[in-house]
2 protein chains.
Amino acid sequence: MTQAGKYSELDYSRPAVTVDLVIFTLLDNKLSLLLIRRKAAPFRDRWALPGGFVRVGDSVKDQGEDLDQAAIRELREETNLQGQSLFLEQLYTFGKAHRDPRMRVVTVAYYALIRPDLAGNVHAGSDAADAGWFELQKLGHLPLAFDHQDIVDLALKRIRGKIDYTPIAFELVPETFTITELRNAYEIIKGQSYDRGNFRRRFNRMMADGIIEDCAGKRATASKPAQLYRFVRDLPR
Amino acid sequence: MTQAGKYSELDYSRPAVTVDLVIFTLLDNKLSLLLIRRKAAPFRDRWALPGGFVRVGDSVKDQGEDLDQAAIRELREETNLQGQSLFLEQLYTFGKAHRDPRMRVVTVAYYALIRPDLAGNVHAGSDAADAGWFELQKLGHLPLAFDHQDIVDLALKRIRGKIDYTPIAFELVPETFTITELRNAYEIIKGQSYDRGNFRRRFNRMMADGIIEDCAGKRATASKPAQLYRFVRDLPR
DNA sequence: AGAATAGTGTCTATCAGACACTATGCA
DNA sequence: TGCATAGTGTCTGATAGACACTATTCT
């Protein structure tokens, strides 16, 4: 049987489709993610990834919302961030049978990166008993609902890989940042330390490429103030 | 509304969920992919990616097959390869509203790589009017059904990226291969040429790492025969 | 012998890792 | 003045690109 075949809408039972979000931020120089506490069975009172059903229209004319729309809707709801442009990408689709004991649920997982200066707006959603940021390091002792630990593991693997060849680190520092702040973001995500001098060289190459530009002002520190820079989002082609 | 919320199975209408496959092989030194011709509307007689519905059980005890199972089932059906171990990975999930005019369909796309010596077993599936390999280069003039061109584009982008840091090229050469054959695979996928000498160095490093091992026998060519090698699948850790 | 392909060696530019050194502002 | 952090310079090893050269087999 292939998709090319004839089928009616009733020939096959359908799975429920949800989106789940792995929302990262840097809190107190720790990689953290947003979890909500479940109010209902199964896994009642367990911590889980925020997410929800994809809205599917019930007619040919209205087929509902796109997957990406569903994800960003959930993201804005959970983080209480409405206007800002947010970093959100599809991660992977988890669809093993029995991953939800009640019924067949296929979930399209997304991951998001929230700048630390915006992470303060989290509120418990209407269906969540509670919500909050959790350090990834301390998650080991906290059993998550469903297969959400697998989703978190994959998301971490993804951003660790992607940070080497895409500019996602800029999504985890303020609008204007110092070299040290950016290096901290790299170190936290990768879980390793980078030589200050060598990182500076890398930074300078990015400036030469136009990815980063100088910025008026300095960041006050305990000693010598540091130059501020800005990420150039719209690179001229 | 979040997943943590209370919901009954009937509260929400559900999308149909399918898997679609981008099946690559090397044919006559050209990157090719498997397409089937649709027998039914919509897009009747158009070429499309092979795929099909995910089997979803209708009870709590039987929730049906895993997504990956559905994908490999389709792959084996379409390629007529039953025993062999095949390379298959999830690509991306396409779920825009109205991507199928009849109803809401979310498709989980996978991509597969078939060794050229196994590519001959393709047969037209029961629901397909026809099936065959198409050179990717010549696809430009062939309009595909649904959003399948987007899926193909993304799959190509994925393997082009992945070939640089994973050993997927070995999935597109015979069990034993020469350096030149492997280099050809790289060149075809990346769409660029590699210096013979430099590629050999890279090859030698892979041998030093134990990824590739020497193999008895030579491949006859128009002139000097070439050494054969084998990909070491199970690297000792 | 000549063609064709396999196989080797070398020079250079780039970049990362390691590490030492200088400069500047704050307490 | 001393400390902490910003900022700079240098050496080395690994790797990629360009390219020249040698070796072997077939016709």
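This structure is a prediction, so every number in the text was calculated from the model and none was measured. Chain A is the first sequence line, chain B the second, and so forth, proteins listed ahead of strands; every chain is numbered from 1.
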Looking at residues 156-166 of chain B, who's got a heavy atom less than 4.0 Å off DNA chain D?
-> none
To the nearest angstrom, the CE-P distance between Met206(A) and dC15(C) comes to 12 Å
Please write out each protein N/O paired with an N/O of nucleotides 18-20 of chain C under 3.5 Å, distance rounded to 0.1 Å.
from	atom 1	to	atom 2	distance (Å)
dA18(C)	N7	Asn198(A)	OD1	3.4
dA18(C)	N7	Asn198(A)	ND2	2.9
dA18(C)	N6	Asn198(A)	OD1	2.8
dC19(C)	N4	Asp195(A)	OD2	3.1

How many Å lie between NZ on Lys218(A) and P on dC26(C), as a whole number?
-> 11 Å
Ion pair check, Glu171(A) and Lys162(A), cut-off under 4.0 Å | no
Separation of dT15(D) atom C1' from Asn204(B) atom CG, nearest Å, is 14 Å
Gln149(A) and side-chain contact (heavy atoms from CB on, under 4.5 Å): which partner among Asp147(A), Asp153(A), Ile151(A)?
-> Asp153(A)
Ion pair check, Arg230(A) and Glu175(A), cut-off under 4.0 Å | no
Nearest-Å distance for atom pair CZ/P, residues Phe199(B) and dT8(C) = 15 Å
Rounded distance (Å) that lies between atom C1' of dA6(C) and atom CZ of Arg219(B) | 14 Å
Going by distance alone, is a donor N or O of one side chain under 3.5 Å from an acceptor N or O of the other, for Thr18(A) and Thr107(A)?
-> yes
For residues 195-219 of chain B, pull every pair meeting ring-ring contact (aromatic ring centres under 6.0 Å, His included), keeping only residues two or more places apart or in separate chains.
-> Tyr186(B)-Phe199(B), Phe203(B)-Tyr229(B)
Decide if the gap between the ring center of Tyr111(A) and the ring center of Phe24(A) is smaller than 6.0 angstrom.
-> no
How close or far is atom C1' of dT5(C) from atom CZ of Arg200(B), stated in whole angstroms?
-> 11 Å
Does some side-chain heavy atom of Arg160(A) sit less than 4.5 Å from a side-chain heavy atom of Ile189(A)?
-> yes
Using heavy atoms and a sub-4.0 Å distance, could you list which residues of residues 223-231 of chain B are near DNA chain D? By number, please.
-> Ser223(B), Lys224(B), Pro225(B)
Would you mind telling me which residue lines up with the more 5' stretch of DNA chain C, Thr221(A) or Tyr194(A), judged by nearest nucleotide?
-> Tyr194(A)
Salt-bridged, Glu89(A) to Arg158(A), with N to O below 4.0 Å?
-> no
With ring centroids as reference points, do Phe170(B) and Phe177(B) lie under 6.0 angstrom apart?
-> yes
Parallel, tilted or perpendicular: ring planes of Phe94(A) versus Tyr92(A), cut at 30 and 60 degrees = perpendicular
Would you kindly say whether Gln227(B) and Asp214(B) are connected by a side-chain donor-acceptor distance under 3.5 Å?
-> yes
Donor-acceptor side-chain pairing of Arg201(A) and Asn204(A) below 3.5 angstrom = no
For Asp164(A), check side chain to side chain donor-acceptor pair (under 3.5 Å) against everything at least two apart and list the hits.
-> Lys190(A)
Residues of residues 171-190 of chain A with any non-hydrogen atom less than 4.0 angstrom from an atom of DNA chain D: list those, numerically ordered, please.
-> Thr180(A)
